[in-house]
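Position 1 is the first residue of the sequence; numbering continues from there. Here the structure is a predicted model, which means the values were calculated and not measured.
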Amino acid sequence: QVQLVESGGESVQSGGSLRLSCVASAIIYRPRCMAWFRQAPGKEREWVALVGRDGLTSYNDSVKGRFTISKDNQKTMYLQMDNLQPEDTGVYFCAAREMEFVQCGPEKSLYDRWGRGTQVTVSS
């Protein structure tokens, strides 16, 4: 029922920054978990970061220290990306887990709501 829409993807040079947003169609949207995934051409979709309803965050080692995930108390999740590198290139997807009683995690199978993605391209 709820739709997730990502925005903010652009082409940037190495070392640049971008902030991605994921907005839910609901007036207030506070799922159990929300996360960012990315997918490079020819590769599997990989987990980037997650944030729980309580604000607890977790990051893939590849982006620790460079990316920051956050959310507001209404309907939007963000991914602040600093010091971007060519390896960060890909389509970035936001995802949410609405069902309860399962801890948040990096597995794609845990998420039951996905956006269509926004392209991030980092050139050297």
Inset, instruction - Under the salt bridge (charged side-chain N to carboxylate O under 4.0 Å, His left out) rule, what do R38 and E46 come out as? Steps first, then yes or no, please. - result: CA-CA 5 Å; R38 66 187 181 188; E46 68 173 353; 2.7 Å; yes

Legend entry - Exam field: side chain K75 to backbone A26, donor-acceptor pair closer than 3.5 Å: yes

Legend entry - Polar side-chain atom of R113 near backbone of A96 as donor-acceptor pair, under 3.5 Å: no

Inset, instruction - For E100, look at atom CD and say whether over 12 heavy atoms of other residues, nucleotides or ligands are found less than 6.0 Å away. - result: yes

Legend entry - Short side-chain donor-acceptor distance under 3.5 Å, Q74 and T76: no

Inset, instruction - Check whether any side-chain N or O of Q80 sits under 3.5 Å from a backbone N or O of T68 as a donor-acceptor pair, and report yes or no. - result: no

Inset, instruction - Decide yes or no for Y29 and D72: does some side-chain heavy atom of the first lie under 4.5 Å from some side-chain heavy atom of the second? - result: no

Legend entry - Cluster overlap L79 with V12, hydrophobic side-chain contacts below 4.5 Å: yes

Inset, instruction - Supply the atom-to-atom distance C22 SG to M34 CE, rounded to the nearest 0.5 angstrom. - result: 4.5 Å

Legend entry - Linked, directly or transitively: M77 and L4 (ILVMFWY side chains, under 4.5 Å): yes

Legend entry - Connected via hydrophobic side-chain network under 4.5 Å: L50 and V63: no

Inset, instruction - Taking S14 for its side chain and S123 for its backbone only, find out whether a donor-acceptor pair lies under 3.5 Å. - result: yes

Legend entry - Nearest heavy-atom neighbours spanning I28 and N73: CG2-O, 4.2 Å

Inset, instruction - Report yes or no: does T118 contribute a side-chain atom to a donor-acceptor pair with the main-chain N or O of Y92 at less than 3.5 Å? - result: no

Legend entry - Y59 side-chain N/O to I69 backbone N/O, donor-acceptor pair under 3.5 Å: yes

Legend entry - Check: K71 side chain, R53 main-chain N or O, donor-acceptor pair, under 3.5 Å: yes

Legend entry - Residue pair R97 / Q103, side-chain donor-acceptor N/O under 3.5 Å: no

Legend entry - Hydrophobic cluster membership, L18 vs V48, 4.5 Å side-chain cutoff: yes

Inset, instruction - I would like to know whether D88 and M81 meet side-chain contact (heavy atoms from CB on, under 4.5 Å); could you show each step before the answer? - result: CA-CA 9 Å; D88 297 315; M81 304 184 293; 6.0 Å; no

Legend entry - Minimum side-chain heavy-atom gap S58-W47 below 4.5 Å: yes

Inset, instruction - Find out whether W36 and F67 are in side-chain contact, i.e. whether some heavy atom of one side chain is under 4.5 Å from a heavy atom of the other. - result: no

Legend entry - Interatomic distance, E98 atom CD to Q1 atom CD [nearest 0.5 angstrom]: 7.0 Å

Inset, instruction - Nearest 0.5 Å please: distance from the CG atom of L84 over to the OG atom of S11. - result: 11.0 Å

Inset, instruction - Please report the shortest heavy-atom distance between G115 and F93, naming the atom on each side. - result: O-CD2, 3.6 Å

Legend entry - Side chains of R45 and W114 in contact at under 4.5 Å (non-hydrogen atoms): yes

Legend entry - Side chain E6, main chain G117, donor-acceptor under 3.5 Å: yes

Inset, instruction - Determine, using the 4.5 Å side-chain heavy-atom cutoff (strictly less than), whether V51 and V2 are members of one ILVMFWY cluster. - result: yes

Inset, instruction - Starting at CD of E10, measure out to OG of S17 and round the result to the nearest 0.5 Å. - result: 11.5 Å

Inset, instruction - Would you indicate whether Q13, at its atom CD, is surrounded by more than 12 heavy atoms from other residues, nucleotides or ligands within a distance under 6.0 Å? - result: no

